[in-house]
Amino acid sequence: MPDPFADDPALVHQVEVNGPGTHVIVIGIGHYDHLPGGGKTPTKHHLNLQQLTSPPVSARKVAAWFIEKFDCLDRPLANVSLVLSEPQRAEFTNSRTGMTYKVPTGTIDEVRAALTAWVDRTAAEPRNQILLYFNGHGLSVGMQNLYLLRDYGKDSEDPLLGALNYQRFLGGLATRTPSNQFFLFDACRSPNPIAALNRDGGQGVFGVEEEGRLGITLPMQQCPIFSTEIDRAALGRPKEESLCARAFIRAMSGACCKRIDNVWYVTTDRMLEALTDFQNREAVKGAAEQRADANSFAKLRLRRLGGAPSIPVFVRLDKQNLAAKTRITVLSGANPPRVISDPTSEGWKALDEWETELEMGQYKFQAESIDPGKQPVTCDDTVYPIMVDVRLEVSGWGN
Amino acid sequence: MGQLELRLDKQHLGTDVRLGVVARVCQIKDADGNFPVEPEDREVVIPAGRVATRSVKDIPAGTYRIEARLPSGEVLRRTQEVTDDSPVEVTFEAGGSPNAWLSWQRLAGNVPTQKNYETWITDLATQIARAAQAKEDAAKPIVVDRKFIESLAALAYGVQQRVQPVFEFFARHLPIGHGGAETTAAENPTTAPAPESQAPTLSAEPPEFELVQANPLDAVELWDALGSLPTWAEWRRKAPLYPGCTVTREDDRQLTQWQIVQADRRLSVSTASGNPLPPRCLVVMRRGNGVDIVMLPIPWPLDANKPPVTVEVLREAGTSETGETSVTVRDDDAVGLIAYLAKGQMADADALLKDARRTGLIDTLLSEKFHNPLAACAAAYVGIATLEGDAPSTWRDWLSNLENSFEWLPDGAIASAVFRLRTAQTREDLNVALASLKQAYRRGVPYYSAGLRHLMNGLYRFSAKDAEAKEMHQKVAAVASCANPNQAFNQVTILPP
């Protein structure tokens, strides 16, 4: 019996699924061999691009979330592949199995092999769903995008040999078996002369199979989404996940869910809105903005939930310096209160806001001072998609 | 059961826009104040204007959260209690547009409210003041008075997102906190400067704005003409001005708008087959040392017995190289659909389309009556994008009609081809789709951005084995690389290299 993990070094998680499943590939390209600081022959076509630290962190978190949290009654998780470009070949430990894998480093050849294996695994079942998350440098011209891989610039005569050509990539995949195809490109869409002059550059990875979908009754549904608008940068923090990665995890957790025939689904319907809302919650702290964008669209039910969704809830105090004296809880019906922040607990640290996840419903949020003699402050709110911001007015307590 | 009456209040439209914006009506409490076991959750389309409302009937008593989602991406929220006693009216305020003549552009999401920009600039000024206060040697904070903010907002609203990066840069380089956020562009600061060159420019500077006629019998020429400034200049030299419209110009220095009234929709070009074709009308506008070329969506509607619709072209930042160009069709049935299509909010466009189908409008647009094939194409693109499971059986016939009845309309052939490609079962389906794509190419540059993208992708699919498809694909891809993907109607920018 062949070992799928031996055949595909990008594979980090696999489950036997009878029937349609969800096949995930996550690519995070942070280290670029031929950009300044990359350690190999620098390319003259560096475009002033620098090494990145956020994409591998983002990719690890997205992959880990799928392995740990993704469940779907219609298309359960079948496998997760991971490609990480870090200075040294990266290891990834699957938290479910405890297995550690040395994953591919993100050259075009490695990415091609990983992508090919990912799609090959879906060939038997048209109802399969494929899902890709990419994070790295991106260039843009009109309707074309180029995504730079680890060995971008290796060939000084054709630096884009180390890049993915968005249009050709999607064009080839549109002729493959899986009918539900979702892509999230978390990369800058910066205009650049090299993209304008080489709009057909880069590699498509998948050639077109003209008759590849004949006989399949399901319509082809491709839904590519960009983390940012054209001509704009994608935001991230060094050594932390990007705004989009964090937003995507929240969206997939349930924030952009929709009830259809009394069943809750995470759908693409609200994906743009959810990504934009979550990204901007953080982007505005730096006086920036990052709106997700899509030029083409398909209605996909990415995840069928078994019950009600969990919605992100952000709780803050109107006077942050009281956080160390305030215990924050949330109550729902007759259930015991759930603690959101307790400064007397071990390891507590002050935050600007606390994030939690709550099922949809009516809640009472409460702030209690640990100093005696102060009346608790409460706030009633309904938790509903996409998210809820709760502000507890404790400034009346004084200092 | 209770009832809601919903509308979006928008002044100066001159009419009520029946299919205005999409609203979500979510029940958050039942009549007893508890979270419902099965909360009501509906999407409805509400009118924009001064009078008309949308009735949402048969909803259980309780408390509702209602969100109106505007094409601009803004979400207006209201919480409203509903009882069984009497209908409850909920009116969302769209926010005033800075000028009455920008009302349709505001509805289409191309112009923010003056208030939004004032708020943003006030926030920025607050941060500046805080930073100044934080400095020990600062004797007093910076005070930015309201008049200054208003004047800055007036300056800023016009250039919208183009100006936003400038302000972001300004904000980033002030001594103020960013909450730890930084851009990957900070890790990836700038792009290399474009090499200096003796760039070819237009031999004669084009006017700020003109309407140019393209002969539908030579539609293929346009693909080559849009390839570079010299080929464009050569094509333009031979092309006449379009005579069928009257144009009114308005501007407030930051924004310029041209209102285009279709004075004569009977203009036509004779063909050998005896079927007259309407000539194509291109909007040509100066942009720096280059040009913007927009495929103007006229005749709208095609049926000359129905009143003509005014089309607006909005330009930010004069004739400079920056700023957006946007086109809005003042069609109260289609403006919402096209605005959502342009902004990529396809789920909302789909909700609007479903509503149109429910009220029979979609049948009118897509049925064999076809009094407005350009609007029908917008509906077709949304319908194809939001296809789930089995497509309505009538679609194939409708799309075939859209392709075959209008020889001048590339988008009809494209929509038909895309539908066939998505649902192809046989080799013959693929052959028919390819023939439709080639037909579309020969009809010239599509009116819609979605059409250009579909045509490019469709031809690519056959280009490995079909030399003609490959050649066509290359030309389409060249135009697509100069096209603005975030506009509903194709807009190509040709600048010096």
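Owing to the predicted nature of the structure, the values given are computational and were not obtained by experimental measurement.
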Under a 4.5 Å heavy-atom cut-off, does chain A meet the side chain of [X], its backbone, both or neither?
X: B:V382; value: neither
X: B:P36; value: neither
X: B:D350; value: side chain
X: B:L430; value: side chain
X: B:A464; value: neither

Chain B contact via [X] - side chain, backbone, both or neither, heavy atoms under 4.5 Å:
X: A:M360; value: both
X: A:I216; value: backbone
X: A:D381; value: side chain

Report the option among [options] that has the most heavy-atom pairs separated by less than 4.5 Å from atoms of chain A.
options: B:A351, B:G33, B:G344, B:A480; result: B:A480
options: B:C482, B:A478, B:G458, B:G73; result: B:A478
options: B:K29, B:R461, B:Q474; result: B:R461

Max heavy-atom pair count under 4.5 Å with chain B, selected residue of [options]:
options: A:G333, A:A195, A:A292, A:G215; result: A:G215
options: A:H45, A:Q222, A:Q144, A:R168; result: A:R168
options: A:G171, A:S296, A:A294; result: A:S296
options: A:R301, A:R270, A:H46, A:E209; result: A:R270
options: A:R199, A:M220, A:R213; result: A:R199

Are [X] and [Y] packed together at the side-chain level, in the sense that at least one heavy-atom pair is separated by less than 4.5 angstrom?
X: A:Y384; Y: B:D41; answer: yes
X: B:E38; Y: A:R259; answer: yes
X: B:T426; Y: A:L214; answer: no

- Query: With sequence neighbours left out, what residues match A:R246 under salt bridge (Lys or Arg N to Asp or Glu O under 4.0 Å)?
  - Reply: A:E240, A:E241, A:E282
Between [X] and [Y], which heavy-atom pair has the shortest distance, and what is it?
X: A:V141; Y: B:S481; value: CG2-O, 3.3 Å
X: A:G142; Y: B:P485; value: O-CG, 3.7 Å
X: B:S72; Y: A:R291; value: O-NH2, 3.5 Å
X: B:T423; Y: A:P219; value: CG2-CB, 4.4 Å

- Message: Before you tell me yes or no, could you show the steps for A:E273 and B:R24 under salt bridge (Lys or Arg N to Asp or Glu O under 4.0 Å), namely the whole-Å CA-CA distance, both residues' side-chain angles and the distance that decides it to 0.1 Å?
- Response: CA-CA 13 Å; A:E273 192 181 335; B:R24 186 173 181 186; over 6 Å; no
- Run the salt bridge (Lys or Arg N to Asp or Glu O under 4.0 Å) check on A:E210 and B:K465 step by step: do they pass? CA-CA 9 Å; A:E210 265 188 37; B:K465 292 183 183 167; 5.0 Å; no
Once you round to the nearest 0.5 Å, how far does [atom1] of [X] lie from [atom2] of [Y]?
X: A:D269; Y: B:E43; atom1: CG; atom2: CD; answer: 7.0 Å
X: B:Y64; Y: A:T382; atom1: OH; atom2: OG1; answer: 13.0 Å
X: B:R422; Y: A:S179; atom1: CZ; atom2: OG; answer: 11.5 Å

- Query: Does CG belonging to A:N262 count more than 12 external heavy atoms closer than 6.0 Å?
  - Reply: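 Yes, enclosed.
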Could you tabulate the donor-acceptor pairs under 3.5 Å formed by side-chain atoms of residues 449-457 of chain B, not counting sequence neighbours?
residue, atom, partner, partner atom, Å
B:S449, OG, B:Q487, O, 2.6
B:R453, NH1, A:N295, O, 2.8
B:R453, NH2, A:N295, O, 2.8
B:N457, ND2, B:R453, O, 3.4

